Amino acid sequence: MIPGPFQFHRPQSVADAVKLLSSLGDEARPLAGGHSLVPMMKLRLATPEHLVDLHGIGALKGIRREGDTLVIGAMTTQHELVASPEIAALVPIVKETSLQIAEPQVRYRGTLGGNVANGDPGNDMPGLMMALGARYRLEGPDGVRDVDAVDFYQGAYFTALEPGELLTEIAIPVPPSGHGYAYEKLKRKIGDYATAAAAVVLTLSAGKVATCRIGLTNLSETPLLAEDAAACVIGITLDEATLAKAADLARAVMQPAADGRGPAEYRTHVGGIMVMRALKRAAARAA
Amino acid sequence: MNDMTITRAEREAKLEGMGCKRKRVEDIRFTQGKGNYVDDVKLPGMLHGDFVRSPHPHARIKSIDKEKALKVPGVLAVLTAEDLKGVNLAWMPTLAGDVQMVLADGKVLFQNQEVAFVVATDRYAADDGINAVEVEYEALPVLVDPFHAMDPDAPVLREDLAGKTEGAHGPRRHHNHIFEWTVGDRDLTDAAFRKAEVTIKEMISYHRTHPSPLETCQCLCSFDKVKGELTIYGTFQAPHVIRTVVALIAKIPEHKIHVIAPDIGGGFGNKVGAYPGYICAAVASIVTGRPVKWVEDRIENLCATSFARDYHMTTEIAATKEGKVTGLRVHVLADHGAFDACADPSKWPAGFFNIVTGSYDFPTAHLAVDGVYTNKAPGGVAYRCSFRVTEAAYCIERAMDILAQKLGMDPAELRLKNFIRQEQFPYHSALGWEYDSGDYHTAMKKMMEVVDYAGLRREQAEKRAAFQRGETREIMGLGISFFTEIVGAGPSKNCDILGIAMFDSCEIRLHPTGAGIARMGTKSQGQGHETTWAQIIATEIGIPADDIMVEEGNTDTAPYGLGTYGSRSTPVAGAAIAMAARKVKAKAQMIAAYRLEVHEDDLEWDIDGFRVKGLPEKFLGMKDICWIAYNAPPPGMEPGLEAVSYYDPPNMTYPFGAYLCVMDIDVDTGVYKVRRFYALDDCGTRINPMIIEGQVHGGLTEAFAIAMGQEIRYDENGNVVTGSFMDFFLPTAVETPHWETDFTVTPSPHHPIGAKGVGESPNVGGVPAFSNAVNDAFSFLGSTHIQMPHDFWRNWQAAKTLGAV
């Protein structure tokens, strides 16, 4: 439980960080909250020769509104998301989800950027970002580009990030006021990754579902957008039969691993239950 | 002090003696980060040792190359079995009469086994060194399932035992067989089953788990070459036993070994035995001439130092159709892993599992236990229980529920019908124990009344009907546990560890000004001995508890004792305290008689001093007696006021309790909610009710963890898959239910203060209550027994198997 030797860098700007990451190559890793990387280093499952600590870069922090979009700096901590009045008012599901990540000690250090960029299928934010239609800003040696969350994840710990690139911002389209939302997470205990979790963001029109997006956490190698499940509730008043149908359609895209949380069959089953519960709770909240 | 101006109640209160909810004195330092744990001890020139561990569960070692490791900056030495053979320490004896590799000798027998010990100037260098040691393995077939351990073609695990048909506990039938232990009358029991109107049979497993104390196992060894003395700081529950074992195996004279157990962050049985880390650190210190520290990390603790349970208990009960039990037959398959490193009294290979008749009047019983080797970590320690008592309590409490179900009888009614009655004590059980005292019916009825048992059963019936009508997806279970423990090991006629009788000790020395020190053979790991031991002394000799310092853990100053585990401290050392205190008091009485100019028989004890019978104004307080004892003792009497007592208990003590768990389970997710948990404990005389309550809370939390998910699990290839707190269930305050505690008091008739011990009761009694609640919830769907642990996915699987999903 002791990490191997490494060089520590603390750049003061995104440009310097990108320069370091691209010049040091594969042996360099950016350090955000450290709650995924540092445990891996202690187990020597990760042995980076260089750590590029992002805590010196003030520009990576903060939450601001730009028109219909909420832009969140990558180094904004989960605690800051929980405490933010803008988040609570505009995208309350981000607060609800943040509160289900680990425990307060972790949330004081863990960052939104680290959570979405690491590519760990157990992380809660990626599935939610898919449900919210978020985009990630990536800055690298060849410039700046934006990638949709739904296009970002390629496999467990594999993402669209190119060597030397840094995820700097998360842009979330502000959902319409009166939208319904819910993040339903089944976990074994506080601090655990999800056995299965579902994020639902929807709007109602005359009691029927007008729009709906469903993100899934830890039910495959990557977070998932359950598009068929979401499509099947559109134009319908949620009843038990529709909920069951949505759960089955969502289950069709799940491919969870068997682990200590249960066999794949169980995780898929409860994944569907989480979808039903999230849909129900989101609809109840929608105006 | 003019004792006439304050009331008797005030004098009594000032003592903070037995029965007082005295605040724990040790918490002042523990809550302020001022504890002194092994890892806080730093000696000049100290080195750090760490292990290269095997990734394979069973493999031959082809070669170990140290060269690269020795070139790592800071690495001073790499020890292997070959090096240890030079000092005859490649293997060490276990407490269970087996031998265990200190470092892998030719092969490895479990994943994470210790292969080489790297010694370096700091922990970072040691870890770098570990990664540079090159070990070549040749994988061998792996044996994981104990039920296949004695197959004819099962792999040979212990090549060192080749040809040995006789083990430490009798004949071995197979190369992976360790022992067979039988108790009871087989013929009589078989006859009872032949005549039985009703029988049940069920294989009840108690899975493998781990004590996982907050502080892992660790030590710091320092060998002084000039004096030839070895000092060992360690997380030892039994420091004197460690000293004697080191003397025996390292051939260092016992007076030149100093074992110091400083503050310990939890033990729960994990810190009773001896581990390779201790031997390696000692050898490394002798080799390098510098102090060497070894500290386990969490993964090592969970995967390598002693596990608990792994008992597979085929249980049969014979009964009349009216529900009177007539016989009990149990066969246990005990998985000990690669070495039998069970920490039981030496002659008890299955501990006190023969308490398995529980609280019930079984006219006859028979028990057979087969121990087997598998490719898993060694151990089998008593995780917050007396030796194998929690296994026994789980076995009988689960089986009684199964019998009740078969008879169509309420499980509470079945228990009430079969309890040992109050007038039967002292009670001789069919499997050989003499229960000291008990009043089971009173405790059970109190529990049923407080929780409104009948009302809960009515609610359950309504909920079941609603479930069957499709109105709810939740099922409700009531889990009863009525356990009897056997603790306080133990009487020398029954118990020893490697030939050392299991007495315990106390030395009390009062100072001239009326304060004093008590030194003990026990060692607190969080139990609060510094608080409670002083309370016993306060009541016995009238010196306020605040004026008594309790010291434990230094073998140079403490009287010899067997340590703290198996709820033995209060039954054995608690008795030694009272006996030592009474010796002090006897001398004090002589002094008082001389001073008050009366015969000793004319004095009576009055809270904190002696009073002349019939002359209330003639009084001499203990504080004054202390001064007189040193400075003006009666002619012919030696000065001083101190005593030592070594206490060999005449019998074990038998605490008991009635627990009830009310649980709701969502069949769609398997998620459970403990709605209510009521725990009535009878531990005899209660020394500190607040500490008892704390002990019960802690033990119930562990029981909850074990029953509901805490396990050490291996995959079919022998890889341990629960090696961190991510997967090894350690509940937080959020998951932990609310506990309601209650009590009855049935003192032990043979203990000087009537106390029985309580630290382990909640773990022993809690597990069956949780498991019975789950099983009771599912029983109406047609199940008789669902194995632990009852985590969410397994509950769902049970629901699915029973057609509820």
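Sequence lines set the chain letters: A, B, ... in the order given, protein chains first and strands last, and positions in each chain run from 1. Since the structure is predicted, the reported quantities are computational estimates derived from the model, not experimental observations.
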**Prompt:** Could you walk me through whether A/Leu186 and B/Phe792 pass the side-chain contact (heavy atoms from CB on, under 4.5 Å) check?
**Reply:** CA-CA 10 Å; A/Leu186 178 64; B/Phe792 298 160; 4.3 Å; yes
**Request:** Look at B/Asp128 together with A/Arg44 and state whether they make a salt bridge at an N to O cut-off of under 4.0 Å.
**Result:**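 A salt bridge is present here (some side-chain N lies under 4.0 Å from a carboxylate O).
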Shortest non-hydrogen contact from [X] toward [Y]:
X	Y	result
A/Pro3	B/Tyr124	O-CD2, 3.9 Å
B/Met726	A/Arg188	O-NH2, 2.9 Å
B/Thr669	A/Val270	CA-CG1, 3.8 Å
B/Trp793	A/Pro263	CE3-CD, 3.2 Å

**Item:** Residues, nucleotides or ligands: over 12 heavy atoms within 6.0 Å of A/Arg29 CZ
**Value:**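 Count not over threshold, so no.
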**Item:** Side chain proximity check, B/Thr732 to A/Lys189, heavy atoms < 4.5 angstrom
**Value:**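 Side chain of B/Thr732 against side chain of A/Lys189, heavy atoms only: contact under 4.5 Å found.
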Does any heavy atom of chain B fall under 4.5 Å from the side chain of [X], the backbone, both, or neither of them?
X	result
A/Glu103	neither
A/Arg261	both
A/Lys187	backbone
A/Ile190	both

Is it the backbone or the side chain of [X] that comes under 4.5 Å from a heavy atom of chain A, or both, or neither?
X	result
B/Asp50	neither
B/Asp666	side chain
B/Arg794	neither
B/Ile130	neither

**Asked** Is the backbone of A/Gly260 close enough, under 3.5 Å, to the side chain of B/Asp727 for a donor and an acceptor to pair up by distance?
**Response**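 No; judged by distance alone, with no hydrogens or angles, the pair does not exist.
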**B/Trp796 CH2 to A/Arg267 CZ distance, which is reported to the nearest 0.5 Å** =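 B/Trp796 atom CH2 to A/Arg267 atom CZ measures 12.5 Å (nearest 0.5 Å).
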